[in-house]
Amino acid sequence: MTRPHPDLTTTQAGWVPRLVSNISKLHPILLTLIGIVAGAIGATSFSPFYFWPSYFITLIVFSILVITSTTAKSACWRGSSVGLGFFGAGVSWVYVSIAEYGQVGVIIATLITLLFISVLCAFWSFSAWLAWRLIQRFTQIPASLWITLSVLLGEFLRSTLFTGFPWLLPGYAIENTWLFELLPIGGIWLTSACVVLTASVIACLLLQETNQLGPIFGLLAVWLGAAYLNYSPVSWVQQTGTLKTTLVQGNVKQDVKWLGETAVKSLAYYQQETIKHLDSDLVVWPETAITYTYPRIKPYFESFAKELADNNTTLITGIPDVSENNRDYFNAIWATGNGFGLYYKQRLVPFGEYIPFAEYIGPILDVFGMPMSNFKSGDDNQPVLQVGEWGVAPFICYEIVYAEQVRRMVRDSDFLITISNDGWFGTSIGPWQHLQIAQFRAKEAGRYVIRATNTGVTAFINEKGKVVAQAPQFEKTTLTAEAKAFSGITPYVQWGYWPTFLLLGICIVFSYLNGLVLNRKNT
């Protein structure tokens, strides 16, 4: 028994609801194609396209397809079609690294990419199935809220299971809207909740679903509050100093990066460029700029580190480290010169830096001939790096996408550094999406983000989440700018998820009470 819907076939229903109703009755194959196209459109909301309304279209179509489904199975299938289009268009750049550097050929690379996209789609399938079930079971709560809660749960699971892949979360679509101002208050999850709730309410209004007052009032409050913050900004943090900083972009080709001859030339280039910028307080090299291990390079660096310290210059670089027994390898950041600290990457990339369930999957990948690393992750409670008197929260590549990890480490930092090697993804949109994610972390934390990469996009991002200096991609170059240090914490750093819980909780309680009133009127 499905939840009853308003009669949208009469002329009194209006042409828009009738059109929506007719679309939902199309052949399943055509509906699948509509879902795929709607999902693919949503990818244009994110960097480098920034057409933010497109993701709302994706979620509106997703919501309509779920609400008008007659069974949980059909809702699951429809949700899968939207997810297939979205992730197929949004993260297909993973194919570049698999095909060009995985040594497996076009066919295997395509199959692995499709498998990866299918895994991501599964979370949207789950969200659609769960939303339909909840809509049918708990009719006092509007469908828009059940869709929002189900999508957020699915996205949270996608962000946490097996290291997680919190890429292209709904909240990243709103960089050029007022909602961007909510990041210091509730972070990426508050903006994601607002995006999904806005789209699902619009879908419910198109379908003439009842009991939407609670979500509408909640959305009016956050959208108007965001508008106020946009035109009357609030300063959550205080500037405490500036550091002249130079970022060195080596542009070393990925396929020769680890060769001995390349390693010698690359290290010489980084050192020469650093010596030219000893007037900088900080020089940053990208992820694994040094391809020699830390125990091997440290004695060689003694005189160089002394020269750096004598000029009050700190060098921060990516470097691999190895345990004393030469069995465990770590992806690390090292601070030397007028600074100190060694940080081990906590969040490793599945199938890139480690193999989940290696005892089962490893032999299969060996058959395909895929070269896989086997790094170990660092502890969760590592201290920040020191640059002179300043504390620096370090993040290696993929780690910057984890909002909670940044939130946990920012309290002891004056600014953030992320080093990366996006050369894996060539000229695809992947590096630009990665840069956008770093902008959101800066806005959430109220800190400058210094981003040094091998091939780009190397950039300085201010505490407002805006790129203030940027180097061109795929060039050997340096980028120098004044990085500002800040103290204080934003409400998001203080409270985490609670503003999101508060918004959804108020909407649920108000909607439940309003639903009881409506039911009494109808009896």
Side-chain angles (χ1 to χ4, degrees), residues 1-10 12-14 16-17 20-21 24 56 59-76 78-79 82 123-157 170 186 189-190 192-225 497-523:
M1 183 67 179
T2 61
R3 181 172 178 264
H5 298 291
D7 184 4
L8 304 180
T9 61
T10 65
Q12 288 83 2
V16 173
V20 171
S21 179
S24 67
F56 287 88
L59 288 176
I60 290 170
V61 173
F62 175 85
S63 301
I64 290 173
L65 292 178
V66 170
I67 294 171
T68 57
S69 296
T70 55
T71 65
K73 183 178 179 180
S74 65
C76 179
R78 292 177 179 187
V82 180
F123 293 99
W124 280 50
S125 306
F126 166 75
S127 295
W129 174 87
L130 179 62
W132 191 90
R133 287 289 188 187
L134 292 172
I135 290 169
Q136 306 306 315
R137 177 66 179 84
F138 303 100
T139 58
Q140 294 91 345
I141 305 299
S144 57
L145 277 171
W146 287 133
I147 290 173
T148 300
L149 291 170
S150 299
V151 170
L152 290 179
L153 177 59
E155 294 292 75
F156 178 79
L157 293 175
W189 290 106
L190 179 59
S192 293
C194 293
V195 168
V196 181
L197 188 57
T198 299
S200 58
V201 165
I202 293 173
C204 286
L205 293 177
L206 290 175
L207 291 170
Q208 294 190 349
E209 291 278 329
T210 59
N211 192 15
Q212 298 301 314
L213 284 180
I216 289 174
F217 284 146
L219 287 173
L220 282 175
V222 294
W223 275 96
L224 291 176
Y497 296 119
W498 284 107
T500 305
F501 293 151
L502 180 62
L503 169 65
L504 295 175
I506 291 174
C507 289
I508 290 172
V509 171
F510 188 92
S511 297
Y512 178 77
L513 296 176
N514 189 49
L516 293 178
V517 173
L518 291 176
N519 287 339
R520 288 178 181 175
K521 288 183 178 180
N522 294 329
T523 57

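Atom CZ of F510 has more than 12 heavy atoms from other residues, nucleotides or ligands within 6.0 Å. More than 12 non-hydrogen atoms from other residues, nucleotides or ligands lie less than 6.0 angstrom from OH of Y497.
When the options I508, I67, I135 are evaluated for a side chain to side chain contact (heavy atoms under 4.5 Å, CB included) with W146, the one that passes is I135.
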Point to revise | Test log, rule side chain to side chain contact (heavy atoms under 4.5 Å, CB included), inputs S127 and L153 | key: CA-CA 7 Å; S127 295; L153 177 59; 6.0 Å; no

Practice item. Determine, stepwise, if the pair S511 / L145 fulfils side chain to side chain contact (heavy atoms under 4.5 Å, CB included). Key: CA-CA 9 Å; S511 297; L145 277 171; 3.5 Å; yes

Point to revise | Stepwise side chain to side chain contact (heavy atoms under 4.5 Å, CB included) check, S144 with E209 | key: CA-CA 9 Å; S144 57; E209 291 278 329; over 6 Å; no

Review point. Can W189 and F156 be said to form a side chain to side chain contact (heavy atoms under 4.5 Å, CB included), step by step?
Key: CA-CA 9 Å; W189 290 106; F156 178 79; 4.1 Å; yes

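No donor-acceptor distance shorter than 3.5 angstrom exists from the side chain of Q136 to the backbone of L134, with no hydrogens or angles considered. Put simply, the side chain of R78 gets close to the backbone of L65: a donor and an acceptor are under 3.5 Å apart. A side-chain donor-acceptor contact under 3.5 Å links N211 to the backbone of Q140. Proximity of a side-chain donor or acceptor of S150 to a complementary backbone N or O of I147 within less than 3.5 Å is not detected.
Legend: side chain to side chain donor-acceptor pair (under 3.5 Å) pairs involving residues 194-204, not counting sequence neighbours, sorted by first then second residue: T148-S200, T198-W223.
Nearest heavy-atom pair, C194 versus L503, reported as atom, atom and distance to 0.1 Å: SG-CD2, 4.0 Å.
Taking 4.5 Å as the limit, every side-chain heavy atom of K73 sits out of range of all side-chain heavy atoms of W129.
F123 pairs by the ring-ring contact (aromatic ring centres under 6.0 Å, His included) definition with nothing, not counting sequence neighbours.
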